[in-house]
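Structure first, then comments.
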Amino acid sequence: MGRFITEWKKSHGAGELRIENAGQTAVLMGWVDAVRNHGGTIFIDLRDRFGVAQVVFDGASLGEADMEVAGGLRQEYVVAVRGTVRKRAGKPNPKLATGEVEVVTTELELFNKSLPMPFQVADEVDAREETRLKYRFLDLRRPPLRKAMILRSEAARLAREYFASQGFVEFDTPILTKSTPEGARDYLVPSRVNPGTFFALPQSPQLFKQLLQVSGYERYYQICRCFRDEDLRSDRQPEFTQIDLEMSFVDPDDVMTVADGMIASMFAGLRNVEVPLPIPRITYDQAMARFGVDNPDVRFGMELIDLTDLAKTSGFQVFSSVAGEGGVVTGMVASGGAAFSRKEVDALTEFVKTYGAGGLAWTKRADGKFTGPLAKFVDEALEKALLGDAGMKDGDLALFVADRDASVARTAAGRLRGHLGNKLSLVNPDKFGFIWVTDFPMFERDEETGKLVAMHHPFTSPNSEDLDLLSTDPLKVKTRAYDIVINGQEVGGGSIRIHDRKVQSLVFEALGIGEEEAGRKFGFLLEALSYGAPPHGGLAFGFDRLVSILVGTDSIRDVIAFPKTTRAACLMTEAPSQVDTEQLAELGIGLIEK
RNA sequence: GGGGUGGUAGUUAAGCUGGUUAUAACGCCGGCCUGUCACGCCGGAGGCCGCGGGUUCGAGUCCCGUCCACCCCGCCA
């Protein structure tokens, strides 16, 4: 006993044994995946990182004492076995990659026992996510998570190889940095040495990567952690990983081309999918008109139909009033949607209402006739639009949203399009839809304050032909910004930055940020721009989202080893937690009751 | 901040309109079994029905509050 590890090293991955290994002596180490005890003969499935293999214990090969130990094995005990690989004495198991062979044991060691498991280590989860997160270290034993983690590691490796091949320099930028009140809420870290002051964890290395361009490195990249203290979703974590890059002397096409190459390398290497390059590009305005959203799922059609002009003369009051007041009427023809029950259509109405739409106007086409609430308002022009341009046929359903606020109408219709794409199974799950969305507006109006705010960030370069609009009609200003969208998910975004101190001042002016305030918040960047800043721009990929698309899962929690809940807590470590009053006192921090 | 869904043995679920002792499967414990592979068979243990109030003769079930998880809106430059 005790010769395992010191003398007999692990010789094979359990999941890697094949018929070619028959006759070899093997030392396997791993976890007991299943026990099948037949009294005289005991089988276990031994699992390690590579998969499972059947191990046999019987009195003919194994001593009496070891047989006793074998009989006591339970799920998730950690064992080492030494024995001979052989063609199975019984029937092969076609369900297993190792199904033709088994290991007949001559030595056995029990390294460790396990308490009964909170849930089974199996492909299919039947445990609630709450339980899985509490025992994340056990959940990570499950093959789907193991595969996701290994794929994630491979994706990072491919990214590093790609950027190295393109002449990029990898940097580490600070985790303890300066709070920037623009944008998302910061996670704050108190400074003990400087009482009353705080670091912030970075929302992104944005300013640092721009400074590295001023420093002359020309091509920077980093795979880095970013932090945002905002409310969470299935595709948002308080800390997340970004593939961040920045380049000098480039225009948008240069950055998108480099990004295209990285995406192509990952999809080829990890999914064996050839991405046709270049990835198509559409402008923000086109995306909003055709899809209603700036992150369109281009795996299916069903593009939006704008009825605003027709609606002006419509007998339908809602349409004509909205169209007359500068609003938008838009919608789509859902092929086969006439089969929806009244209840289903009502649910669609509720769906668009969550996006602020007042309701849903709809009509079905059956037996050459229109039915439904909108039917009696289908005049000649609308009929032509539906049957002609939109190609509506018997069995189809046309749905429209009208709103005085164009973005509400478009967003509601766009989200409905995505919802119906899934409901009507228009999306082939094995297909990927790649698209760039470019020329985003520089500003949008904040609903609450009525002030202009930067849509991307205030360092985004306006299109050169729009510079004059900065002072005259800022909402019309478009930027040299671009987002990459895969399967309707924004997986990356970036822009060419402002490298001209004067242009930067114009932007701050439009945002209502005075020189004094700008200096206080971004002084070091503005100063840097004054010392020979090259034209530059870059991009950041949401690495977790990208990996979740490559893995084929809906939740980024499935590709993060130790994720947090939607209340930004870790159920395993029970972070965040209270701290001692001494610790707070040392930092000069007192708590107030809320 | 707002809306929705869920929380019942270790785990996943069932428990209809309130009514005897709260079911089942897997897991766990004991026994049998030399070819199974989610082994099988026999027997057994295991429950503050998330938590706190209320209504009622009686609450897992109805009402109010609260906590936790998930999904969505707002938010996330």
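Chain letters run A, B, ... following the sequence lines, proteins first and then strands; every chain starts at 1.
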TODO: Hunt down the Watson-Crick or G-U wobble partner of B/G60, both distances under 3.5 Å, from any strand shown, or write none.
DONE: none
Task: side-chain N/O A/Thr566 vs B/C70 OP1/OP2, d < 4.0 Å - done: yes
TODO: Could you give the distance separating B/G1 and B/A13 at their C1' atoms, to the nearest angstrom?
DONE: 34 Å
TODO: Using atom CE of A/Met117 as one end and atom C1' of B/C29 as the other, report the distance to the nearest whole Å.
DONE: 19 Å
- [ ] With C1' as the reference atom in both, quote the distance from B/G15 to B/G7 in angstrom, rounded to an integer.
- [x] 15 Å
Open item on the list: Do the side chains of A/Asp346 and A/Lys343 get close enough for a salt bridge, i.e. N-O under 4.0 angstrom?
Closed with: no
- [ ] Would you indicate what A/Lys91 reaches in the nucleic acid, counting non-hydrogen atoms under 4.0 angstrom: base, sugar-phosphate, or nothing?
- [x] base
Open item on the list: I'd like to know if A/Glu102 and A/Arg86 make a salt bridge, using a cut-off of under 4.0 Å between side-chain N and carboxylate O.
Closed with: yes
Open item on the list: Does B/C73 have its OP1 or OP2 closer than 4.0 Å to a side-chain nitrogen or oxygen of A/Arg233?
Closed with: yes
Open item on the list: Rounding to an integer number of Å, can you tell me how far A/Phe351 CZ sits from B/C73 P?
Closed with: 8 Å
Task: Value in whole Å for how far the C1' atom of B/C33 lies from CG of A/Asp58 - done: 15 Å
Task: Pair of N/O donor and acceptor under 3.5 Å linking B/G50 base with A/Arg128 side chain - done: no
Task: Minimum-distance nucleotide (side-chain atoms of A/Thr41 versus B/U34, B/C71, B/A69) - done: B/U34
Task: Rounded distance in Å - CG (A/Leu138) to C1' (B/G27) - done: 14 Å
Task: Geometric cation-pi criterion, A/Lys423 with A/Phe340: 6.0 Å, 45° - done: yes
Task: B/G47 pairs with, by Watson-Crick or G-U criteria that keep both distances under 3.5 Å - done: none
Task: Parallel, tilted or perpendicular: rings of A/Phe522 and A/Phe508 (30°, 60°) - done: parallel
Task: Ion pair A/Asp45/A/Arg36, N-O distance below 4.0 Å - done: yes
Task: Nearest-Å distance once atom P is located in both B/C67 and B/C51 - done: 15 Å
Task: Assigned partner base of B/A24, Watson-Crick or wobble definition, under 3.5 Å - done: B/U12
Open item on the list: Can you tell me which nucleotide in B/G27, B/C76, B/G35 comes closest to the side chain of A/Arg228?
Closed with: B/C76
- [ ] Please state the P separation for the pair B/U12 and B/G6 - nearest whole angstrom.
- [x] 16 Å
- [ ] For B/C16 versus B/C33, give the span between their C1' atoms, rounded off to a whole number of Å.
- [x] 44 Å
Task: Sugar-phosphate, base or nothing in reach of A/Phe459, heavy atoms under 4.0 Å - done: nothing
Open item on the list: Taking donor-acceptor contacts at under 3.5 Å, does the side chain of A/Asp231 reach the base of B/G74?
Closed with: yes
Open item on the list: Strictly below 4.0 Å: does A/Lys134 bring a side-chain N or O up to OP1 or OP2 of B/C68?
Closed with: no
- [ ] Could you check whether A/Asn37 gets within reach of a base, just the sugar-phosphate, or nothing at all, counting any heavy atom under 4.0 Å?
- [x] base
TODO: Please determine, for the side chain of A/Ser234, which listed nucleotide (B/C68, B/C76, B/C71) has the closest atom?
DONE: B/C71
Task: Pair partner, B/U5 [Watson-Crick or wobble, under 3.5 Å] - done: B/A69
Open item on the list: Quiz question: by atom type and distance under 3.5 Å, do the side chains of A/Tyr220 and A/Asp244 form a donor-acceptor pair?
Closed with: yes
TODO: Rounded to whole angstrom, note down the C1' distance from B/C49 over to B/A9.
DONE: 10 Å
TODO: Remember a base hit wins even if backbone is also touched, and classify A/Leu115 as base, sugar-phosphate or nothing at under 4.0 Å, heavy atoms.
DONE: nothing
- [ ] Take atom CD of A/Glu350 and atom P of B/U5, then tell me their distance rounded to the nearest Å.
- [x] 13 Å
Task: Charged N-O contact under 4.0 Å between A/Arg185 and A/Asp229 - done: no
- [ ] Map A/Pro118 and A/Gly99 onto RNA chain B by nearest heavy atom, then report which one ends up closer to the 5' terminus.
- [x] A/Pro118
Open item on the list: If I pick the P atom on B/G2 and the same atom on B/G19, what distance separates them, to the nearest angstrom?
Closed with: 35 Å
Task: Presence of donor-acceptor pair under 3.5 Å, side chain of A/Glu102 and base of B/G35 - done: yes
Open item on the list: Determine whether a donor-acceptor pair (one donor, one acceptor, N or O, separation below 3.5 Å) exists between the side chain of A/Arg74 and the base of B/C29.
Closed with: no
Open item on the list: What contact category does A/Arg545 fall into here, base, sugar-phosphate, or nothing, at under 4.0 angstrom with non-hydrogen atoms?
Closed with: nothing
TODO: Report which part of the nucleic acid A/Gln54 touches: base, sugar-phosphate, or nothing (heavy-atom distance under 4.0 Å, all strands).
DONE: base
Task: Phosphate-side-chain proximity, A/Arg36 and B/C39, N/O vs OP1/OP2 below 4.0 Å - done: yes
TODO: Compare the minimum distances between each of B/U36, B/C26, B/C70 and the side chain of A/Arg88, then state the nucleotide with the smallest one.
DONE: B/U36
- [ ] For A/Thr460, answer base if it contacts any base atom (sugar-phosphate contacts may also be present), sugar-phosphate if it contacts only those atoms, and nothing otherwise; contact means non-hydrogen atoms under 4.0 Å.
- [x] nothing
Open item on the list: Looking at A/Glu350 and A/Lys353, is any side-chain nitrogen of the basic one under 4.0 Å from a carboxylate oxygen of the acidic one?
Closed with: yes
Open item on the list: Over all strands shown, is A/Ala34 touching base, sugar-phosphate only, or nothing at heavy-atom distances under 4.0 angstrom?
Closed with: sugar-phosphate
Task: N-O pairing of A/Glu130 and A/Arg557 below 4.0 Å - done: no
- [ ] Look at the side chain of A/Arg236 against the base of B/C75 and say whether a donor-acceptor pair falls under 3.5 Å; ignore hydrogens and angles.
- [x] yes
Open item on the list: Let's see if you can work this out: which of B/U11, B/G35, B/G74 has an atom nearest to the side-chain heavy atoms of A/His38?
Closed with: B/G35
Open item on the list: Give me the distance, rounded to whole Å, that separates B/G50 from B/A14 when you measure between the P atoms they each carry.
Closed with: 13 Å
TODO: Between B/U36, B/C70, B/U11, spot the one nearest the side chain of A/Thr565, thanks.
DONE: B/C70
Open item on the list: Let's see if you can work this out: which of B/C39, B/C76, B/C72 has an atom nearest to the side-chain heavy atoms of A/Glu230?
Closed with: B/C76
Task: Base-pairing assignment for B/U36 (Watson-Crick or G-U wobble, both under 3.5 Å) - done: none
Task: Spacing between A/Met572 atom CE and B/A69 atom P, to the nearest angstrom - done: 15 Å
Open item on the list: Using a strict threshold of under 4.0 Å (side-chain N to carboxylate O), is an ion pair present between A/Asp235 and A/Arg545?
Closed with: yes
Open item on the list: What is the separation between atom CZ on A/Phe119 and atom P on B/A9, rounded to the nearest whole Å?
Closed with: 17 Å
Open item on the list: Applying the 5.5 Å / 30° rule, does A/Phe43 stack onto the base of B/U36?
Closed with: yes
- [ ] Go through B/G35, B/C75, B/C70 for me and flag the one nearest to the A/Val56 side chain.
- [x] B/G35
Task: Residue whose closest nucleotide on RNA chain B lies nearer the 5' end, A/Leu232 versus A/Gln203 - done: A/Leu232
Open item on the list: Quick check on B/A69: is either OP1 or OP2 less than 4.0 Å from any side-chain nitrogen or oxygen of A/Arg132?
Closed with: no
TODO: For A/Arg557, report the nucleic acid contact type (base, sugar-phosphate, nothing); a contact means any heavy atom under 4.0 Å.
DONE: sugar-phosphate
Task: A/Glu129 CD - B/U5 P separation (whole Å) - done: 19 Å
